[in-house]
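Okay, so here's the structure we're looking at.
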Amino acid sequence: MQNYVLKSQIIHRPLSLDTLDTFEENQRKKAKITKQIPIYGTWHKSGRGKISQTEKGIRLTADPSYDSWPENYPHDGDYVNYGYTRASLSVNADWQDYSQLKMTITNNCKNIINPALTINLVNDGKIKIPDRYDREGYHVINLFSGTKEYVLDFSSLPRDVIKKISFMIGSNGSYMNLPGILDVSIDELILEKSNHSLSTKGWHADTDKIIFSHIGYQTTGQKEAIISALYAGKTFYLVEENTGTVVFSQTVSLTTNDQGQFGILDFTDWQVPGTYHLKVAQLSTKTFTIKNQFISLLQDSLWKSLNFIFCERCGYPISGIHGTCHQDILATHEGKKIIFNGGWHDAGDLSQQLVQTAEVTLALFLAASSQDSQDTSLAERLREEGAWGIDFILKTRLGQGFRATSAGMTRWTNNQLGDMDDAVARVHNSPYDNFLIVGCLAKILVTLPNGHELHSVLSSILEEDYQDAKVGFEQAPFKHEPIFWEHTYSTSKSLYLATLIWTNSLMYQVTGKSFFINETEKLLPNLLMCQEQTGISLDDGTLLQGFFYRDEQQKIIQHFNHQAREHLYAYAFSEAIKVVNENLQSEIRKAAKHYGDYLTYLASATAPYPMIASGIYKMSEKDDDESFNRQHLLVDEKARVEFKEQLLASQKIAPDLYLKKFPVWFSFRGNNAVLLSMGESATIIGNLLTDEMIS
């Protein structure tokens, strides 16, 4: 990794891609094709560009942009590209005896940023794909230049009545608005059956792999790997990589639970730092390290994460990817205009959101602090990237609490003001967002090294921005903008309280003013009223307490899906305990213990995987319109029926109470943010209580 980092000039240009050790290439090496059939037929076009049938397949061409929006697109161009070009082939066949599509794709695009081809399968059998939320059945291939063979494994998809296959290219603009063309050919489209199919659903371990921690293990921590239960009773070996010496061996144990049966490789007793791999019969893992400090295990992952964030920079030229971008997104307020670019693009498109940029900025500075004693070059580079986020946060301040907050984007605009592809950024005065941003900046301030140049910058604005947030809050307590594209839309009263407590506690630490202690001590009892402290008796006799409700009425349990801010409850406890009186410190410690016990309970539900279940749900929650509509976006009248179905398919733990390993979700999915947020909560609470079982 270090050589890659140095070649990137310490992540000032993207890390180079190792194309020989990708997931796809490793899948290809394992596969043995047992059956093939070519796919032929007449292709039909929809969209703006052109398609042409070739001797071996189909070619799609289109302009990168157009001077009008396609029919039925929003007239203001919000969250749209310039159109698409689709080639579709009617099939009407049973593909259950096949597991993948192989094709040769030629990318002749010119001046196109990240040329991509979308494949869409339509199944009209027992399970429909895509479903009514238009999910699944889609796959996007990021194309290499020239001609390359690609394989799409669809073995996990329903395919009993495949009606159609489509290929689509999107007109998303060109590099720096230079003349360009989208030009993609798909040849030799072949349906195949492989003896090595991709497993994407379920808890079971595939018979040909050992599931282990890729970042490595801490010397004094738990060290386990998971394997198919078929290997239970066999001997596994821990092998020192450099010498090939077996340093530890043990029998693969068998565990059985609600998830199924698993073989467990437990080598916790081995506590010697080094580089190793695991071996069982003919199976072995890639190398991993065992190190004394957990934070040192994260360095490679931090470099890779930093690389991704750097490549997402908006308004900045990224070598080999895109030039300066989005200089024609305007935010307007009381006659003032700013160009709304900077920070980082959304991970899934080209949108930009202020709150997310603030949270990423905080994460970068916190990560930098963790590396000061480990890798000073990484720590400084993380702060440098964080400063790019600070620049955007400061830029978007429009005065008296107003901020440029977001813009929905899927296209590369032409950077020229005054024409049809200009975009409009949203401007709001949202007290909640303002408090959250102030909290992020205050936390950054207390983590900065002495003498850092951002000290004076942040100190000069925090009290003004806090006061603007306070004025807005006093006018409309616990209210926020009724626009769900702003990603704090689902904020509950309890989460609002946690954010206020966190921010006030930090403001005291950076100003020393007693007002902020008083605010924290006034708000803390209200937050504790939103926590389950009495406890609910579960069917197995467990008394479950410590989780949070959306408000003090304790009717609706706090949940997250797609995005998550569970960690703000832990943030509130960890900062408030530093500033409040002794009686409240005792209350915080008690509440934190209950909350930690709840997280531990959730973690036990997903064993042997070290994952925290998403939470507990009441069946009656579906009947509360206000909270349901804030938590679940872009749903229809069937959502409440599906809510019930999802709970009935989960684990019932008490009357009207269900444990969900993954969130209840509909059109908006995504569990990684939920896991990361809950994991951060567990770490913070564990450190607060000095409880290694939690942290």
Side-chain angles (χ1 to χ4, degrees), residues 203 257-259 478 489-498 526-566 569 590-591 593-607 611-633 635-671 674-675 677-678 681-682:
W203 298 89
N257 57 29
D258 291 342
Q259 279 72 257
F478 300 106
Y489 181 74
S490 65
T491 301
S492 65
K493 183 176 180 180
S494 67
L495 193 66
Y496 208 133
L497 284 164
N526 295 331
L527 176 62
L528 298 181
M529 288 175 62
C530 301
Q531 187 185 30
E532 177 59 58
Q533 296 189 343
T534 303
I536 297 175
S537 295
L538 306 186
D539 291 342
D540 64 0
T542 301
L543 185 68
L544 188 62
Q545 55 195 143
F547 58 88
F548 288 90
Y549 296 92
R550 288 183 64 84
D551 57 33
E552 68 278 5
Q553 296 180 34
Q554 298 195 356
K555 288 173 52 183
I556 310 297
I557 299 170
Q558 176 69 58
H559 307 296
F560 295 93
N561 61 71
H562 189 67
Q563 288 204 5
R565 294 186 173 87
E566 177 88 30
Y569 296 109
K590 177 183 175 183
K593 177 64 168 61
H594 292 329
Y595 183 45
D597 289 344
Y598 170 64
L599 294 175
T600 303
Y601 170 79
L602 294 181
S604 68
T606 60
M611 165 185 153
I612 302 177
S614 73
I616 59 173
Y617 293 74
K618 289 184 176 181
M619 184 66 79
S620 55
E621 292 176 27
K622 63 182 172 54
D623 301 320
D624 188 275
D625 288 343
E626 197 280 332
S627 67
F628 193 92
N629 292 332
R630 283 202 172 272
Q631 294 184 74
H632 306 295
L633 308 182
V635 297
D636 58 21
E637 68 282 353
K638 296 181 180 178
R640 285 170 173 77
V641 174
E642 290 183 340
F643 182 94
K644 180 178 179 180
E645 292 173 348
Q646 290 186 45
L647 289 197
L648 290 177
S650 65
Q651 181 182 354
K652 188 173 185 292
I653 58 175
D656 192 43
L657 197 64
Y658 297 80
L659 172 66
K660 282 282 293 172
K661 297 177 176 68
F662 291 86
V664 170
W665 47 27
F666 305 99
S667 61
F668 274 67
R669 288 184 171 182
N671 195 43
V674 179
L675 288 175
S677 183
M678 297 181 86
S681 281

Distance in Å, W665 CH2 paired with L633 CG, rounded so as to fall on 0.5 Å steps = 14.5 Å

Do T491 and F478 touch side chain to side chain, with heavy atoms closer than 4.5 Å?
-> no

Counting only N and O atoms by type, is there a donor-acceptor contact under 3.5 Å from the side chain of N526 to the main-chain atoms of L497?
-> no

Of all the heavy-atom pairs spanning S537 and A654, show the shortest one and how long it is.
-> O-CB, 3.9 Å

Only counting residues at least two apart or in another chain, list the ones meeting ring pair (Phe, Tyr, Trp, His ring centres under 6.0 Å) with H562.
-> F668

What's the spacing between S620 OG and L647 CG if we round to 0.5 Å?
-> 10.0 Å

Less than 4.5 Å apart, any side-chain heavy atom of Y601 and any of D597?
-> no

Contacts of K590 that satisfy side chain to side chain contact (heavy atoms under 4.5 Å, CB included) - sequence neighbours left out = H594

Across all chains, not counting sequence neighbours, the side chain to side chain contact (heavy atoms under 4.5 Å, CB included) partners of A639 are Y133, F628, V635, F666

E552 to C530 - nearest heavy-atom pair and separation | N-SG, 3.5 Å

Step-by-step side chain to side chain donor-acceptor pair (under 3.5 Å) determination, Q646 to Y617 | CA-CA 10 Å; Q646 290 186 45; Y617 293 74; over 6 Å; no

Where at least one partner belongs to residues 651-671, residue pairs that pass salt bridge (Lys or Arg N to Asp or Glu O under 4.0 Å), sequence neighbours excluded = E136-R669

Taken in chain and number order and not counting sequence neighbours, the residues that satisfy salt bridge (Lys or Arg N to Asp or Glu O under 4.0 Å) with D625 are R640

R565: salt bridge (Lys or Arg N to Asp or Glu O under 4.0 Å) partners, not counting sequence neighbours | E359

Would a 4.5 Å heavy-atom cut-off, applied to side chains only, mark V664 and E642 as touching?
-> no

Any residue meeting salt bridge (Lys or Arg N to Asp or Glu O under 4.0 Å) with E637, in chain and number order, not counting sequence neighbours = none

For Y549, the ring pair (Phe, Tyr, Trp, His ring centres under 6.0 Å) test, sequence neighbours excluded, returns F547

Beyond-backbone contact of F662 with N561, side-chain heavy atoms, under 4.5 angstrom | no

For Y595, what residues pass the ring pair (Phe, Tyr, Trp, His ring centres under 6.0 Å) criterion, not counting sequence neighbours?
-> F548

Side chain to side chain, M611 and N671, heavy atoms closer than 4.5 Å = yes

Listed once per pair and sorted, the salt bridge (Lys or Arg N to Asp or Glu O under 4.0 Å) pairs that draw on residues 529-542, sequence neighbours left out = none

So, does S677 use its side chain to make a donor-acceptor pair with the main chain of V674 at under 3.5 Å?
-> no

Any chance you could measure L544, atom CG, to T534, atom OG1, to the nearest 0.5 Å?
-> 12.5 Å

Nearest 0.5 Å, what's the OG-CZ distance between S492 and R630?
-> 10.5 Å

Contact summary for A498 and Y569, nearest pair of heavy atoms | CB-CD2, 3.8 Å

Any chance you could measure L599, atom CG, to I612, atom CD1, to the nearest 0.5 Å?
-> 5.5 Å

State whether a side-chain donor-acceptor pair under 3.5 Å links S681 with E566.
-> no

Partner residues of D551 under the side chain to side chain contact (heavy atoms under 4.5 Å, CB included) criterion, sequence neighbours left out | K493, Q553

Testing R550, K555, H559, Q631 for side-chain hydrogen bond (donor to acceptor under 3.5 Å, both in side chains) with E621, which one passes?
-> H559

Sequence neighbours left out, what passes salt bridge (Lys or Arg N to Asp or Glu O under 4.0 Å) with D258? Give chain and number order.
-> none

Output the distance between atom CG (D636) and atom OG (S667), rounded to the nearest 0.5 Å.
-> 9.0 Å

How far apart are the closest heavy atoms of L659 and I653, and which atoms are they?
-> CB-CG2, 3.9 Å

Using modelled atom types only, decide if a donor and an acceptor are shared between the side chain of Q531 and the backbone of Q545 within a distance under 3.5 Å.
-> no

